Amino acid sequence: MAKKPSDEHEQEGGGKIGGKIATREADYPQWYQDVIREAELAEPAKVVKGCMVIKPHGYAIWEKIQRDLDARFKATGHKNAYFPVLIPQSFITKEAEHVEGFAPELAVVTHAGGEKLEEPYVIRPTSETIIGYYFSKWIESYRDLPLLVNQWANVMRWEKRTRMFLRTTEFLWQEGHTAHATHEDGLAEVQRMLGVYGDFAEEVMAMPVIRGEKTASEKFAGALTSMCIEALMQDGKALQAGTSHDLGQNFGRAFDVQFQTEAGALDYVWQTSWGVSTRLIGGLIMTHSDDAGLVLPPRMAPIHAVIVPIFRSEEEHAAVLVAAERIKAALSDLDIAPPRARYRDFIEVVVDDRPIRPGAKFYEWERRGVPVRIELGPKDLAKGQVCVKMRVDTAAGSGKEFVSEAEFIATFTARLATFQAELLRLARERMRAREVTLDTWDEFLATFAGDKSTFAWCHWDGTAETEARIKEETKVTIRCIPLPGQGPDPQPGVCIRSGRPSPRRVLMAKAY
RNA sequence: CGGGGCGUAGCGCAGUCUGGUAGCGCGUUCGGUUCGGGACCGAAAAGUCGGAGGUUCGAAUCCUCUCGCCCCGACCA
């Protein structure tokens with residue numbers, strides 16, 4: 001049976017000829033990879049196992065993430081610093097739970113300069129240890145506290161199984177590390193930064209999240225507790241999108257980070273750490289994108305609008321280009337940074353004057369996630385209008401609209417804001433539509449049968465045994481114990497698995 | 001790291017069973033006609049068939065090893 005390679009996708013609404021994108025329905029993991037390839041976000045490094053090359057369009061998204069988060073960190077009093085990528089191996093072993101958690105995934109440098117090293121270095125999987133070491137040197141008194149630093153860095157974890165952006169051997173992230181005089185202060189910091197992450201996810205990435213606390217078995221290795229934001233992907237799986245840890249005095253003790261209290265006594269500092277990574281880009285893709293390719297909210301888009309000139313004669317071409325450049329210039333002056341942002345976010349416009357047909361350009365820019373397309377032809381020039389098409393039909397615009405050039409420019413910022421809000425609204429709607437409240441084990445098994453998953457609010461007896469049992473039987477994990485205001489109001493009930501008393505429902509799902 | 005699948009031109013694939021020195025679609029380059037949703041005609045460039053070794057007169061094809069990717073598991077941002 002001679003099946004033409006292109007047949008299967010062409011029938012499924014996508015109809016791609018050049019770049020093929022599987023449908024989410026047909027093959028979700030393939031779709032994810034296709035979107036990354038076709039939007040030119042990244043590619044597998046190939047020559048280095050488990051690593052990826054983040055291409056310019058993908059890195060530009062990371063830069064957007066960095067810029068906004070960095071401003072938020074500065075606004076909360078944090079300062080950037082940078083610590084070595086290599087950590088003496090002995091450092092890692094100083095905190096018992098930390099070693100246990102990270103030992104299996106360490107890459108170790110044993111030779112350098114042509115000689116075997118006396119003590120090997122590990123490539124940082126995270127920097128609690130080496131930062132603990134420096135904190136012990138920098139902190140002497142309560143007057144030195146709180147100490148609030150952040151570092152933008154790469155880290156390496158030798159994972160068994162990698163997926164582009166979601167889990168790669170090397171990834172980019174930021175790790176905040178703070179030291180406080182009291183546990184109370186530390187806890188406040190943990191919550192504050194979780195709040196920053198939650199706000200960022202929703203306001204900037206238009207990615208709705210559930211804020212909560214990790215169970216003991218899911219928390220960071222070496223932390224007292226971990227807080228997290230969890231996002232729901234379109235296939236129903238959960239993605240841990242950010243974490244904020246209360247390290248207590250664990251690393252303080254391990255690295256002897258002591259300070260003199262106001263009363264003159266000596267005490268160990270209370271530390272926190274918190275981070276988000278390039279994984280956010282994976283979450284961004286799986287939150288908004290569709291079968292035609294990447295969809296980006298304006299605040300994440302490296303390119304906000306593309307102008308496609310339409311013409312027949314050279315005279316028309318020249319006239320259209322003049323208008324296109326005029327519009328581009330006008331839009332480029334607009335700044336869509338949030339009201340009190342400490343940075344500016346100017347509109348980026350591309351005039352696509354390549355000598356190929358307009359239709360081909362439409363598809364290409366759609367694949368790459370550009371929010372707004374402007375078609376500009378002789379008829380438009382005659383009427384002083386532009387033809388506008390949004391990447392997804394929403395209240396910001398649907399189908400092709402014809403708007404006067406002046407009005408289009410005057411309302412462009414509002415159009416993007418509406419589009420941004422609409423993407424968040426749509427994502428929230430999807431989440432709400434998928435959220436379920438389950439009370440019986442039969443319902444639970446049906447909900448998570450096969451590779452199905454969703455956000456399920458269920459009662460849990462609070463024991464690690466039950467949690468492990470559920471995971472073993474269904475692959476479902478407790479994503480978090482929700483914070484106040486997240487999920488259903490706390491009501492006592494009985495555990496969905498054990499039938500024992502439960503104080504409240506927790507969020508369960510299969511996870512990336 | 002276990003099970004399965006796969007690596008052939010930039011992308012998607014055929015060819016592998018049954019060895020004979022590489023092909024298709026799209027893309028790319030050049031010329032022309034086109035141009036408001038993936039154009040058409042003509043010409044052309046592009047592959048050490050993932051890598052190494054072996055069998056053979058001859059290997060994309062058979063054998064061994066190795067690297068990498070994808071899916072499912074165990075482990076994790």
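Keep in mind that this is a model prediction, so the values were computed, not measured. To find a chain, count down the sequence lines: A is the first, B the second, and so on, and within it residues start at 1.
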Peer 1: How many angstroms lie between CE in A:Met207 and CG in A:Leu280, if you round to the nearest 0.5 Å?
Peer 2: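 Answer for the CE-CG pair, A:Met207 versus A:Leu280, is 5.5 Å.
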Peer 1: Report which part of the nucleic acid A:Leu166 touches: base, sugar-phosphate, or nothing (heavy-atom distance under 4.0 Å, all strands).
Peer 2: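 Base contact - A:Leu166 has a heavy atom under 4.0 Å of at least one base atom.
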Peer 1: Applying a 4.0 Å non-hydrogen cut-off, can you work out what A:Pro378 is touching in the nucleic acid: base, sugar-phosphate, or nothing?
Peer 2: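 Answer is base: heavy atoms of A:Pro378 come under 4.0 Å of a base.
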Peer 1: Please measure how far the C1' atom in B:G31 lies from the corresponding atom in B:C17, and state the result in whole Å.
Peer 2: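 Straight-line distance between the two C1' atoms is 46 Å.
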Peer 1: Say we look at B:G15 and B:G7: how far apart would their C1' atoms be, to the nearest angstrom?
Peer 2: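 My reading of the C1' atoms in B:G15 and B:G7 gives 15 Å.
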Peer 1: Contact class for A:Lys389 vs. all strands (heavy atom < 4.0 Å): base, sugar-phosphate, or nothing?
Peer 2: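 The answer is base, as A:Lys389 lies within the cut-off (heavy atoms under 4.0 Å) of a base atom.
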Peer 1: With a 4.0 Å cut-off on heavy atoms, is A:Thr168 in touch with a base, just the backbone sugar-phosphate, or nothing at all?
Peer 2: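 Result for A:Thr168 = base.
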Peer 1: Mark this stacking check for A:Tyr363 against B:G37 as yes or no, applying ring centres under 5.5 Å and ring planes under 30°.
Peer 2: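 Per 5.5 Å and 30° rule: no stacking.
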Peer 1: Thinking salt bridges, do A:Arg211 and A:Glu230 make one under a 4.0 Å N-O criterion?
Peer 2: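 No, no charged N to carboxylate O under 4.0 Å.
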Peer 1: Just call it for A:Thr243: base, sugar-phosphate, or nothing, with non-hydrogen atoms closer than 4.0 Å on any strand.
Peer 2: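 A:Thr243: no heavy atom of the nucleic acid under 4.0 Å.
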Peer 1: When every nucleotide of nucleotides 68-74 of chain B is labelled 5' to 3' by its protein contacts under 4.0 Å (heavy atoms), B for base, S for sugar-phosphate only, - for none, what sequence of letters results?
Peer 2: SSSSBSB
Peer 1: Using a cut-off of 4.0 Å on non-hydrogen atoms, how would the nucleic acid contact of A:Arg354 be classed: base, sugar-phosphate, or nothing?
Peer 2: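 Nothing: the residue A:Arg354, judged by heavy atoms under 4.0 Å, touches no strand.
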Peer 1: Taking N and O atoms by type only, does the side chain of A:Arg312 place a donor or acceptor under 3.5 Å from a partner on the base of B:G36?
Peer 2: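 Counting by modelled atom types and ignoring angles, no donor-acceptor contact under 3.5 Å is found here.
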Peer 1: Please report the shortest heavy-atom distance between A:Asn150 and A:Gly176, naming the atom on each side.
Peer 2: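 Taking every non-hydrogen atom into account, OD1-N, 3.5 Å.
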Peer 1: So what does A:Gly275 touch, heavy atoms closer than 4.0 Å: a base, only the sugar-phosphate, or nothing?
Peer 2: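 It contacts nothing in the nucleic acid.
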Peer 1: Partner of B:A52 by Watson-Crick or G-U wobble geometry, both contacts under 3.5 Å, or none?
Peer 2: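 Here B:A52 is engaged in a pair, and the nucleotide opposite it is B:U64.
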Peer 1: Can you check the distance between B:G50 and B:U61, where both ends of the measurement are the P atom (answer in whole Å)?
Peer 2: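 These two P atoms come out 8 Å apart once rounded.
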Peer 1: If B:A43 has a Watson-Crick or G-U wobble mate with both distances under 3.5 Å, name it; if not, just say none.
Peer 2: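 Partner of B:A43: B:U29.
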Peer 1: Heavy atoms only, 4.0 Å cut-off, all strands: where does A:Glu366 land among base, sugar-phosphate and nothing?
Peer 2: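 Base, at least one base heavy atom under 4.0 Å.
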Peer 1: Are A:Phe412 and A:His304 an aromatic pair, judged by ring center distance below 6.0 Å?
Peer 2: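 For A:His304 and A:Phe412, the ring centres are not under 6.0 Å apart.
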Peer 1: Has the side chain of A:Glu189 got a donor or acceptor atom that lies under 3.5 Å from a matching backbone atom of A:Thr178?
Peer 2: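 A pair under 3.5 Å: no.
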Peer 1: Taking the cut-offs as 6.0 angstrom to the six-membered ring centre and 45 degrees off its axis, would you call A:Arg373 and A:Trp365 a cation-pi pair?
Peer 2: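 No.
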Peer 1: Is A:Glu159 touching bases, backbone alone, or none of the nucleic acid, heavy atoms closer than 4.0 Å?
Peer 2: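 Since a base atom lies under 4.0 Å of A:Glu159, the category is base.
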Peer 1: Please give, in whole Å, the distance from B:C13 C1' to A:Arg37 CZ?
Peer 2: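 Rounding to the nearest Å, CZ of A:Arg37 and C1' of B:C13 are 12 Å apart.
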Peer 1: Is there a donor-acceptor pair under 3.5 Å between the side chain of A:Glu401 and the backbone N or O of A:Lys389?
Peer 2: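 It does not hold such a pair.
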Peer 1: Once you apply the 3.5 Å cut-off to both distances, tell me the Watson-Crick or G-U wobble partner of B:C13, or none.
Peer 2: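 B:G23 - that is the nucleotide pairing with B:C13, both distances being under 3.5 Å.
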Peer 1: With P as the reference atom in both, quote the distance from B:G2 to B:A74 in angstrom, rounded to an integer.
Peer 2: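 Straight-line distance between the two P atoms is 16 Å.
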Peer 1: For A:Phe91 and A:Phe255, take the angle between the two ring planes, folded into 0 to 90°, and tell me which bin it lands in: parallel under 30, tilted 30 to 60, perpendicular over 60.
Peer 2: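 The arrangement is perpendicular - the two ring planes meet at more than 60°.
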Peer 1: Using atom CD1 of A:Ile21 as one end and atom C1' of B:G27 as the other, report the distance to the nearest whole Å.
Peer 2: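 Spelled out: CD1 on A:Ile21 to C1' on B:G27 is 15 Å.
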Peer 1: From the list B:C35, B:G38, B:A77, which nucleotide is the closest neighbour of the side chain of A:Phe311?
Peer 2: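 My answer, after comparing the listed nucleotides, is B:C35.
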Peer 1: Would you measure the distance from the C1' atom in B:U56 across to the matching atom in B:U64 and give it in whole Å?
Peer 2: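 Their C1' atoms lie roughly 16 Å apart.
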Peer 1: How far does the P atom of B:C71 sit from the matching atom of B:C49, given to the nearest Å?
Peer 2: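 That atom pair is separated by 28 Å.
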